[in-house]
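Below you'll find the structure, written out as structure tokens, and then a few comments.
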Amino acid sequence: MTKTFTLKEGQKPAKEQLEEVREAAKREIQFDEDAPELSAAMYKAFKSSVAQRNRRKRNA
């Protein structure tokens with residue numbers, strides 16, 4: 001499950017939000033058929049695509 005917290009500029013997260021993030025960071029990633037673990041080659045391709053996306057965002 002993915003949970004998103006959106007903070008506006010200058011806004012600080014609530015203590016409950018920070019605690020939830022800390023607890024989530026301790027858990028292991030659960031892979032399944034909908035979200036399989038990436039192979040080394042797939043991870044490299046994903047990392048490259050993220051870098052390209054971020055460059056485009058920065059230059060836009």
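Note that the coordinates shown come from a computational prediction; the quantities given were computed from them, not determined experimentally.
The salt bridge (Lys or Arg N to Asp or Glu O under 4.0 Å) test applied to K26 returns E23, not counting sequence neighbours. Residues meeting the side chain to side chain contact (heavy atoms under 4.5 Å, CB included) test with Q17, sequence neighbours left out: F5, L7, P13, A14. Every residue meeting the side chain to side chain contact (heavy atoms under 4.5 Å, CB included) condition with D34, not counting sequence neighbours, appears here in chain and number order: D32. Applying the side chain to side chain contact (heavy atoms under 4.5 Å, CB included) test to S39 and every residue at least two apart in sequence or in another chain returns A41, M42.
Residue F46 is not grouped with residue F31 when hydrophobic side chains (ILVMFWY) are merged at heavy-atom distances under 4.5 angstrom, including chains of intermediate members.
How far CZ of R58 is from CZ of R53: 11.0 Å, rounded to the nearest 0.5 Å.
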